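Atoms within a ligand are numbered from 1 in the order they appear, just like the ligands themselves. The first residue of the sequence shown is numbered 1, and numbering continues consecutively from there. Note that the coordinates shown come from a computational prediction; the quantities given were computed from them, not determined experimentally.
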Amino acid sequence: MTIDTVRVELGARSYDVRIGEGLLERAGEEIGPLLRRPRVAVVTDETVSKLHLQALREGLGDVSMTALALPAGEATKGWKEFSRTVEWLLGEKVERRDIIVALGGGVIGDLAGFAAAVLRRGVRFVQIPTTLLAQVDSSVGGKTGINSPHGKNLIGAFHQPSLVLADIGLLATLPARDFLAGYGEVVKYGLLGDAEFFDWLEANGPALAAGDAALRQHAVRRSVEMKAGIVARDETEEGERALLNLGHTFCHALEAATGYSDRLLHGEGVAIGCALAFEVSQRLGLCAQEAPSRVRAHLKAMGMKCDLADIPGDLPGAEGLLQLMAQDKKVQDGRLRFILARAIGDAFVADDVDTGVVRSVLEEALAQRR
Ligand code: NAD
Ligand code: GLY
């Protein structure tokens, strides 16, 4: 199969996202041109390390590699493992002109990218995303960071990678639940800005989830093209980039409410959040009545969570969820910002959403849990 290249155009900091099967095996050739000396420091997690680190070592050929494997999971994305990583990189004598490699999902990409941003005031890094979520979203665009007890992703920096290698073959070992969670972010791209892509997902989503590599490559490429375009136009989220947060105001509140545990994965929260955002849009008379049903129908057809009723265990009431939303990074002057939609494929940033409508959508969704 061919390898696709999507360029993220950011002037002197532009970079390629390479997408296809077999990229890990040719990591040395891909990363080699960036290296000033034949050596990389790899940050990964224990699960990915067991599955794919040896293949990376072989793929790097003459480039020597040192590696740190952190515990897998969202809890790693905090100060403790972050400072451990920075100290490890210093202990490994990673220099200003060296390259750090993030091999893993969004947790590793965000944490290692942030470590690269602060180490010696900034070291270049390469993302090798191993989850669908990381391939279509977190590895591209330079948002790096960790969580605080005050909330998710509240500590971080913009630091663009120098290269992204999205090896579609690595998705074969991903558990189905993690794959579908990543698919939540794929659907998000169709919903926010490409109705034809959403049509395509409705037709091809099930075969893609079942393992069709060509369909997977197309979905990753289209998602990355959309993200690359938005990031090139609005790198630091002054405007358009906020569209990428479709579903995220709800998602971040739900993740906080479920303690960032495996009761709800990030991409699952995004999918539920997208369904809620379309529900709010419809209640506000912004989009047609059929739109939220169509979003839900596709998520259901994929076997994904799409309602608050699909989240196991207790949740706070509507008021509690609204309070958690107020902690979101998108709060401006104390006002909640939502990404709403005029139609599938046509989202926009709404600054003055009637909280009463959001509350009643949440109340009705919570009532379905009883
Ligand atoms: P993750 O990194 O925790 O990976 C999910 C699980 O899959 C982990 O247990 C991991 O060990 C395992 N795994 C990874 N690759 C595997 C593979 N190929 N085979 C088998 N198992 C594998 O989670 P994620 O869903 O990739 O990322 C979620 C994180 O990404 C969140 O912290 C979220 O905030 C962040 N995120 C960041 C951005 C951004 O722009 N920076 C965007 C979206 C999400
Ligand atoms: N995932 C949201 C962004 O990159 O802006």
Review point. Between R221 and E225, is the closest basic N to carboxylate O distance under 4.0 Å?
Key: yes

**Study point:** Parallel, tilted or perpendicular: ring planes of F250 versus F338, cut at 30 and 60 degrees
**Key:** tilted

Practice item. Calculate, to the nearest 0.5 Å, the distance between atoms CZ and CG belonging to R120 and L90 respectively. Key: 5.5 Å

Review point. Under 6.0 Å from the CZ atom of R97, do we count more than 12 heavy atoms belonging to anything else shown?
Key: no

Exercise for review: Quick one: look at H266 and ligand 1, take heavy-atom pairs under 4.0 Å, and tell me if it's side chain, backbone, both or neither.
Suggested key: side chain

Practice item. Answer with yes or no whether K227 contacts ligand 1, where contact means a heavy atom under 4.0 Å from a ligand atom. Key: yes

Exercise for review: Would you indicate whether the side-chain heavy atoms of L119 and I100 approach each other to under 4.5 Å?
Suggested key: yes

Check your understanding: With backbone taken as N, CA, C and O and side chain as the heavy atoms from C-beta onward, which portion of D45 lies under 4.0 Å from ligand 1: side chain, backbone, both, or neither?
Key -> side chain

Study note, to complete from the structure: Going by the 4.0 angstrom heavy-atom rule, the piece of L133 near ligand 1 is side chain

Point to revise | Which segment of N147 sits under 4.0 Å of ligand 1 when only heavy atoms are counted | key: neither

**Study point:** For ligand 1, the portion of L51 having any non-hydrogen atom under 4.0 Å away
**Key:** side chain

Review point. Which residue and non-hydrogen atom of the protein lie closest to atom 31 (C) of ligand 1, and at what distance in Å?
Key: E74 OE1, 3.2 Å

**Study point:** Verify atom 12 (C) of ligand 1: protein non-hydrogen atom under 4.0 angstrom away
**Key:** no

Revision key, fill the gap. Any heavy atom of L174 under 4.0 Å from ligand 1? The part involved is both

Exercise for review: Would you check whether R241 has a nitrogen or oxygen atom less than 3.5 angstrom from a nitrogen or oxygen atom of ligand 1?
Suggested key: no

**Study point:** Pairs involving residues 192-206, ordered by first then second residue, that meet side chain to side chain donor-acceptor pair (under 3.5 Å) (sequence neighbours left out)
**Key:** D194-R222, D199-R294, E202-R294

Practice item. Using a 4.0 Å heavy-atom cut-off, say whether V107 meets ligand 1 through its side chain, its backbone, both or neither. Key: both

Practice item. Using non-hydrogen atoms of the residue, decide whether K152 is closer than 4.0 angstrom to ligand 1. Key: yes

**Study point:** N or O contact, V48 vs ligand 1, cut-off under 3.5 Å
**Key:** no

Exercise for review: Flag T144 as yes when one of its N or O atoms lies below 3.5 Å from any N or O atom of ligand 1, and as no otherwise.
Suggested key: no

Exercise for review: Taking only heavy atoms of the protein into account, state which residues are under 4.0 angstrom from an atom of ligand 2, in chain and number order.
Suggested key: D137, K143, K227, E237, R241, L244, N245

Study note, to complete from the structure: The answer for which part of E46 has a heavy atom under 4.0 Å from ligand 1 is neither

Review point. How far does CD of Q127 sit from CD1 of I108, to the nearest 0.5 angstrom?
Key: 10.5 Å

Check your understanding: Salt-bridged, R283 to E279, with N to O below 4.0 Å?
Key -> yes

Check your understanding: Could you give the distance from CD1 (I3) to CD (E30), rounded to the nearest 0.5 Å?
Key -> 6.5 Å

Exercise for review: For G142 and Y15, work out which heavy atoms get closest and say how close.
Suggested key: N-OH, 4.2 Å

**Study point:** Short N-O contact, K143 and E237, less than 4.0 angstrom
**Key:** yes

Exercise for review: Give yes or no for whether the N/O distance cutoff of 3.5 Å, strictly under, is met between P175 and ligand 1.
Suggested key: no

Check your understanding: Would you say the ring centroid of F82 lies under 6.0 angstrom from that of F114?
Key -> yes

